[in-house]
Amino acid sequence: MAKEKKQEFVQHITPRDENFSQWYTDVVRMADLMDYTPVRGCIALKPYGNRIWELIREELDRRFKETGHENVSMPMLIPESLLLKEAEHVEGFAPEVAWVTQGGGEVLQERLAIRPTSETIFCTMFAQWVQSWRDLPMKYNQWCSVMRWEKTTRPFLRTAEFWWQEGHTIHATAEEAQEETLLMLEVYRSFCEDVLAVPVFSGQKSEKEKFAGARATYSVEAMMQDGKALQAGTTHNFGTNFSEPFNIQFQNKEGQLEHVHETSWGVSTRLIGAIIMTHGDERGLKLPPAIAPHQVVILPIAAHKGGVMEKCEEVYSALKQAGIRVKLDDRDHLSPGWKFNEWELKGVPLRLEIGPRDMENGVASYMRRDSFEKGALPLDDLVSGVKALLDSIQQGMFDLADAFKQERTKDVFNMAELNVQVQQGYARAMWCGERECEDRIKEETSATSRNMPFDQTPFADHCVCCEKPADKVMYFAKAY
RNA sequence: CGAGGUGUAGCGCAGUUUGGUAGCGCGUUUGGUUCGGGACCAAAAGGUCGCAGGUUCAAAUCCUGUCACCUCGACCA
């Protein structure tokens with residue numbers, strides 16, 4: 001009977017390998033991360049999902065400050081005239097901008113865009129704030145939400161409003177701007193891999209795929225468990241593309257006016273989608289300890305029996321004192337089996353059980369969410385045991401994801417091979433650099449160019465598509 | 001934006017073909033017994049049937065429109 005019921009429960013999550021998209025939406029809903037709202041395509045982050053985002057923010061913000069950035073806050077509304085100043089930029093964003101046309105019942109003289117991104121307003125303010133070479137660089141970041149009126153939406157991956165950070169910096173020289181662009185790309189790469197345990201491909205976007213208005217765009221691209229690509233973060237070098245129309249100038253050491261060189265970079269709540277689709281399994285979410293709202297959950301077994309709750313509370317305090325994010329699940333109307341499943345669904349990395357039998361043995365039983373491995377930790381040295389397990393889980397999750405990524409990435413030498421490979425993962429190919437070939441690959445395989453790795457050592461001499469001489473190494477994949 | 005599908009209690013669904021009192025399971029609340037992989041008994045609460053119009057004595061059910069969500073495409077950063 002119990003077994004039948006359990007199966008019934010598990011069936012609520014669509015099997016991952018049967019229908020990955022459906023599995024994803026099931027997990028998002030059941031893990032209680034978000035909910036839909038009355039506004040089309042706009043989601044509400046619930047406490048659990050919001051907490052994950054908070055932890056991501058804390059960790060990223062620390063890294064931004066370490067690299068010399070400061071936070072600012074800009075207005076949500078952008079006058080249309082500002083948006084129109086950079087031609088490529090407006091062309092790229094115009095179709096998905098939401099507009100405010102009235103305020104307090106009066107029709108506005110100029111309609112205001114709800115920011116789809118803040119380059120234009122940053123540029124406007126930079127122009128007022130910079131005068132001398134001594135003012136440079138200005139390295140600012142803001143945490144906010146932006147709005148893009150998307151045709152189809154999907155929780156975390158593409159929503160009409162989403163939460164993100166956008167860094168905007170201006171520099172005196174092209175070299176400095178390029179250095180900043182690559183530095184922030186590296187911050188994103190190490191954040192994804194070391195904190196989220198999400199291995200990524202780091203490299204430069206093609207002309208076709210770069211940001212509207214950028215001279216060069218770089219990205220970190222993750223691989224989901226269905227083999228598809230997810231762009232996890234981007235950095236852009238604008239050169240003087242924006243500083244010229246916005247007239248952001250400074251006086252150099254020689255007393256002459258020069259335009260600044262600008263960069264921007266961002267990551268969003270899409271990272272939460274990346275975590276789910278990189279690590280999740282048939283039982284639900286699987287969170288890396290570094291950003292798990294609860295790193296450890298303590299479950300009392302037979303809580304009414306003497307000393308069990310007291311011991312749980314003691315362990316809870318000790319772990320909390322040691323700086324571990326710990327949850328004591330003392331709800332007494334739920335059976336242990338129920339709680340096991342619920343916390344597994346929510347992705348808690350480590351479960352501790354404390355019951356009469358454990359107390360006799362002076363241990364706490366544990367189970368790792370990553371490998372389901374069970375064991376026991378001595379109560380008198382619990383903190384160091386838990387810390388070691390959390391470290392091991394963090395590493396184990398990365399290693400598993402990285403092995404998957406490598407297994408699903410192959411070199412291809414012609415269109416037939418490319419077509420086969422992008423059905424299940426990333427294809428590394430030699431590419432001539434022509435837009436025509438990129439378009440043809442998209443048309444025939446539905447895969448797009450992801451990015452060019454920094455190691456551009458050729459492994460063949462002709463283009464995967466047109467067979468003409470090629471010197472660019474490019475990753476292709478189907479993308480979210 | 002195109003093709004297909006779904007909207008009925010917090011969640012999962014039946015009822016729609018053939019119009020006639022709003023149903024089931026889980027969860028929730030209260031009381032009690034339990035507790036090492038989704039426990040049990042008893043009682044109770046909970047629904048504008050997505051929304052708007054129409055047909056009818058009567059609409060969850062038939063008709064029209066509309067909105068949202070899901071799947072696959074297209075588009076996009």
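Numbered from 1 within each chain, the chains take letters A, B, ... in sequence-line order. Predicted, not measured: the structure shown is a model, and the values here were computed from it.
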Check the distance between rG37(B)'s C1' and Glu342(A)'s CD and give it to me in whole angstrom. 14 Å
For rC35(B), which nucleotide is its Watson-Crick or G-U wobble mate, given both distances must be under 3.5 Å? none
Expressed as a whole number of angstroms, how long is the span from Asp226(A):CG to rU71(B):P? 12 Å
Between P on rG50(B) and OH on Tyr36(A), what's the gap in Å once rounded to a whole number? 19 Å
Now, which nucleotide makes the Watson-Crick or G-U wobble pair with rC72(B), with each of the two distances under 3.5 Å? rG2(B)
At 4.0 Å (heavy atoms only), tell me whether Gly41(A) reaches a base, stays on the sugar-phosphate, or touches nothing. sugar-phosphate
Nearest-nucleotide comparison on RNA chain B, the residue closer to the 5′ end among Tyr480(A) and Lys374(A): Lys374(A)
Can you tell me which nucleotide in rC70(B), rG37(B), rC76(B) comes closest to the side chain of Thr25(A)? rC70(B)
Using whole Å, what does the distance between atom C1' of nucleotide rG10(B) and atom CZ of Arg29(A) come to? 12 Å
Heavy-atom pair with the smallest gap, counting every atom of Arg16(A) and Asp281(A): NH1-CA, 3.5 Å
Under-3.5 Å N/O pairs linking protein and nucleotides 28-35 of chain B:
unit_1, atom_1, unit_2, atom_2, d
rU34(B), O4, Asp332(A), O, 3.3
rC35(B), O2', Ala302(A), N, 2.8
rC35(B), N4, His304(A), ND1, 2.5

Determine the contact category for Pro356(A): base if any of its heavy atoms lies under 4.0 Å from a base atom, sugar-phosphate if only primed atoms, P, OP1 or OP2 are that close, otherwise nothing. base
To the nearest angstrom, how far is Leu230(A) atom CG from rC76(B) atom P? 18 Å
Go ahead and name the base partner of rA58(B); Watson-Crick or wobble counts if both distances stay under 3.5 Å, otherwise write none. none
Between Phe242(A) and His89(A), ring centroids under 6.0 Å: yes
Determine which nucleotide pairs with rA9(B), using a 3.5 Å limit on both distances of a Watson-Crick or G-U wobble pair. none
My understanding is that a pair needs two contacts under 3.5 Å, Watson-Crick or G-U wobble. By that rule, which nucleotide pairs with rA14(B)? none
Please determine, for rU30(B), whether a Watson-Crick or G-U wobble partner exists with both distances under 3.5 Å, and give it or none. rA42(B)
Cationic tip of Arg283(A) within the cone over Phe372(A)'s six-membered ring, i.e. under 6.0 Å and within 45° of the normal? yes
Under 4.0 Å between any heavy atoms, over every strand shown, what does Gln22(A) touch: base, sugar-phosphate, or nothing? Just pick one. sugar-phosphate
rG36(B), rC70(B), rA77(B): which one has an atom nearest the side-chain heavy atoms of Phe162(A)? rA77(B)
Nearest to the side chain of Thr152(A), heavy atoms from C-beta on, is which of rG27(B), rG37(B), rA74(B)? rA74(B)
Does Met76(A), at its CE atom, have more than 12 non-hydrogen atoms belonging to other residues, nucleotides or ligands within less than 6.0 Å? no
Round to a whole Å and report the spacing from CG of Leu157(A) to P of rC72(B). 12 Å
When we call it a touch if two heavy atoms are under 4.0 Å apart, what does Thr117(A) touch: a base, just sugar-phosphate, or nothing? nothing
Applying the Watson-Crick and G-U wobble criteria at under 3.5 Å, what pairs with rG47(B)? Answer none if nothing qualifies. none
Would you classify Ser365(A) as touching base, sugar-phosphate or nothing, given that sugar-phosphate means primed atoms plus P, OP1 and OP2, and contacts are heavy atoms under 4.0 Å? base
Under 4.0 Å, counting only non-hydrogen atoms across every strand here, what does Arg40(A) touch: a base, just sugar-phosphate, or nothing? sugar-phosphate
List the atom of Pro199(A), the atom of Glu193(A), and the distance in Å for their closest heavy-atom pair. CA-OE2, 3.5 Å
Counting any heavy atom closer than 4.0 Å, what does Ser21(A) reach on the DNA or RNA strands: base, sugar-phosphate only, or nothing? sugar-phosphate
Pairing donors with acceptors under 3.5 angstrom, does anything connect the side chains of Thr240(A) and Arg215(A)? yes
Among Tyr140(A), Trp143(A), Trp265(A), which residue meets the ring pair (Phe, Tyr, Trp, His ring centres under 6.0 Å) test with His69(A)? Trp265(A)
Please work out if Arg154(A) contacts a base, only the sugar-phosphate, or nothing of the nucleic acid, heavy-atom cut-off 4.0 Å. sugar-phosphate
Go ahead and name the base partner of rG53(B); Watson-Crick or wobble counts if both distances stay under 3.5 Å, otherwise write none. rC63(B)
Base, sugar-phosphate, or nothing for Glu150(A), non-hydrogen atoms under 4.0 angstrom? base
